[in-house]
K.L.:
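Just dropping this structure here.
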Amino acid sequence: MQARNPRIIFEDALPHWAPDRAFAQIVNAGSLIIPAVEIFLNKVMARALSEISDPATRRDVEIFMAQEGNHYRYHRLFNKVMVARYPELRAFDAELTAEYEAMLKTRSLRDCAAYCEGFESLGLIQAEFFFGHVDDLLEGADTRIVRLWQWHLAEEFEHRSVCFDVHRQLGGGYLSRVRGFALAARHLGQWGKRVSDHLIACDTAALDAASRARLNAEEQTYRRRLLRFSLPRILAVLSPAYDPGGKAAPRGSIRLLESLTAP
């Protein structure tokens with residue numbers, strides 16, 4: 001594992017960076033919640049370092065934190081484009097950040113680590129989906145935004161075992177992990193839907209009836225596709241035998257990371 005810098009500039013990027021506007025806005029909603037989520041992850045992992053003695057795990061946690069720090073900094077750069085077009089998004093970020101601060105104060109370190117592992121498990125599903133199952137939606141897309149997500153999700157796969165190992169070394173077992181996954185899936189699912197609903201509602205307000213119907217159809221089609229892909233993989237996460245370390249790398253993800261580390 002290593003932290004990489006993709007060197008992407010977003011100043012002239014557009015919110016509708018892919019031809020399928022609903023797909024772009026649903027993905028954008030993910031970007032908008034990433035900074036709050038991953039700052040929370042890094043705070044949890046920083047606290048976990050004081051409880052973990054295994055040198056290999058400590059080294060992995062430090063690299064994990066460096067990678068996540070790069071992720072949320074680059075998403076913040078892209079999110080500036082979004083906030084310029086949709087200024088109400090600032091309030092969403094502040095609200096979500098406050099929720100994570102409350103979680104840090106009211107939940108145990110092990111429970112917070114279980115939530116982090118839940119987020120990472122969802123990230124693996126997203127990595128598989130983005131690298132192998134949306135090629136048609138990425139035709140004609142802004143390659144900078146595609147590269148942002150490919151880099152991010154490839155590194156999510158690369159550090160897939162870190163939170164799993166930390167949770168286990170903090171004394172977490174199967175039930176704790178599954179509760180953390182359920183909480184993360186519900187919490188992040190609600191936030192992703194709320195933000196994407198806002199973005200799509202803003203877009204539809206400026207459209208004629210035919211265009212609104214087309215956008216709504218695109219949204220429903222994409223959500224069904226993602227749900228069909230995700231459900232069997234969510235069931236796998238819920239298995240007592242689940243171990244992210246045994247998963248195969250998404251198609252093209254290793255090559256993508258190699259391209260970012262080449263001299």
Side-chain angles (χ1 to χ4, degrees), residues 4-34 71 74-75 77-86 89 122-158 189 192-193 195-233 247-262:
R4 303 166 182 84
N5 182 351
R7 296 181 175 85
I8 306 171
I9 298 172
F10 301 110
E11 276 79 356
D12 60 342
L14 298 173
H16 305 112
W17 50 269
D20 187 312
R21 291 162 62 101
F23 164 69
Q25 291 291 41
I26 292 169
V27 174
N28 290 342
S31 181
L32 289 156
I33 65 178
I34 283 294
H71 297 170
Y74 268 93
H75 280 281
L77 291 173
F78 173 69
N79 292 350
K80 288 181 180 180
V81 172
M82 297 298 299
V83 171
R85 299 290 187 97
Y86 308 90
L89 293 172
L122 293 167
L124 291 187
I125 296 172
Q126 288 291 335
E128 291 181 65
F129 185 65
F130 199 85
F131 272 98
H133 298 270
V134 295
D135 289 357
D136 57 317
L137 298 175
L138 297 179
E139 292 179 5
D142 186 329
T143 56
R144 293 170 299 175
I145 315 304
V146 175
R147 193 164 182 82
L148 168 68
W149 281 105
Q150 288 177 334
W151 158 69
H152 183 169
L153 292 169
E155 288 194 343
E156 289 296 323
F157 178 83
E158 186 178 52
K193 183 68 162 58
V195 176
S196 61
D197 282 353
H198 173 77
L199 295 173
I200 292 171
C202 290
D203 289 348
T204 55
L207 300 176
D208 59 35
S211 298
R212 284 197 300 272
R214 186 164 55 252
L215 180 58
N216 288 333
E218 289 173 351
E219 177 189 1
Q220 297 309 313
T221 298
Y222 175 72
R223 291 195 189 279
R224 284 194 297 269
R225 182 198 290 204
L226 177 58
L227 183 62
R228 284 195 302 269
F229 179 85
S230 300
L231 279 178
R233 290 160 178 82
K247 295 183 73 66
R251 183 199 69 192
S253 62
I254 294 175
R255 185 168 62 252
L256 183 282
L257 292 181
E258 289 173 346
S259 74
L260 291 172
T261 55

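All values below were derived from every heavy atom in this structure, side-chain atoms included, with hydrogens, water molecules and symmetry-related copies excluded.
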K.L.:
Would you say CG of Leu227 has more than 12 non-hydrogen atoms from neighbouring residues, nucleotides or ligands within 6.0 angstrom?
P.N.:
yes
K.L.:
Is there side-chain contact between Gln150 and Thr143, with heavy atoms separated by less than 4.5 Å?
P.N.:
no
K.L.:
Does the gap between the ring centers of Trp17 and Phe23 come in under 6.0 Å?
P.N.:
yes
K.L.:
Would you name the heavy atoms of Phe78 and Ser31 that are closest together and state the gap between them?
P.N.:
CD2-OG, 3.6 Å
K.L.:
Which residues pass the side-chain contact (heavy atoms from CB on, under 4.5 Å) test with Arg144, sequence neighbours left out?
P.N.:
Ile8, Asp12, Ala13, Asp142
K.L.:
Can you name the closest pair of heavy atoms from Cys202 and Tyr86 and give their distance?
P.N.:
CB-CE2, 3.7 Å
K.L.:
Name all residues meeting the ring pair (Phe, Tyr, Trp, His ring centres under 6.0 Å) criterion together with Tyr74; count only those two or more places apart in sequence or in a different chain, and write none if there are none.
P.N.:
Trp151
K.L.:
Do Asp135 and Arg251 have side chains that approach each other closer than 4.5 Å (heavy atoms only, starting at C-beta)?
P.N.:
yes
K.L.:
Return yes if a side-chain donor-acceptor contact under 3.5 Å exists between Arg223 and Ser196, otherwise no.
P.N.:
yes
K.L.:
Quick one: pull up NE2 in His152 and CZ in Phe157 and give me the separation to the nearest 0.5 Å.
P.N.:
14.5 Å
K.L.:
Atom CG of Leu89 and atom CD1 of Ile33: how far apart are they, to the nearest 0.5 Å?
P.N.:
12.0 Å
K.L.:
Roughly how far apart are Thr221 OG1 and Asp20 CG, rounded to 0.5 Å?
P.N.:
8.0 Å
K.L.:
Are Leu256 and Arg147 side-chain neighbours, meaning at least one heavy-atom pair lies under 4.5 Å?
P.N.:
yes
K.L.:
Evaluate whether atom CZ of Arg255 has more than 12 neighbouring non-hydrogen atoms of other residues, nucleotides or ligands under 6.0 angstrom away.
P.N.:
no
K.L.:
So do the side chains of Ile26 and Leu226 get within less than 4.5 Å of each other, counting heavy atoms only?
P.N.:
no
K.L.:
State, with a plain yes or no, whether a side-chain heavy atom of Pro6 is found less than 4.5 Å away from one of Glu155.
P.N.:
no
K.L.:
Okay, side chain of Arg225, backbone of His133: is any donor-acceptor separation there less than 3.5 Å?
P.N.:
yes
K.L.:
Is any side-chain heavy atom of Glu156 closer than 4.5 Å to one of His71?
P.N.:
yes
K.L.:
Do other residues, nucleotides or ligands put more than 12 heavy atoms under 6.0 Å from Leu207 CG?
P.N.:
yes
K.L.:
Answer yes or no: is there a side-chain heavy-atom contact under 4.5 Å between His75 and Met82?
P.N.:
no
K.L.:
Measuring only between side-chain heavy atoms, which start at C-beta, is His16 closer than 4.5 Å to Asn28?
P.N.:
no
K.L.:
Between Phe229 and Phe129, how do the two ring planes meet: parallel, tilted or perpendicular, split at 30° and 60°?
P.N.:
tilted
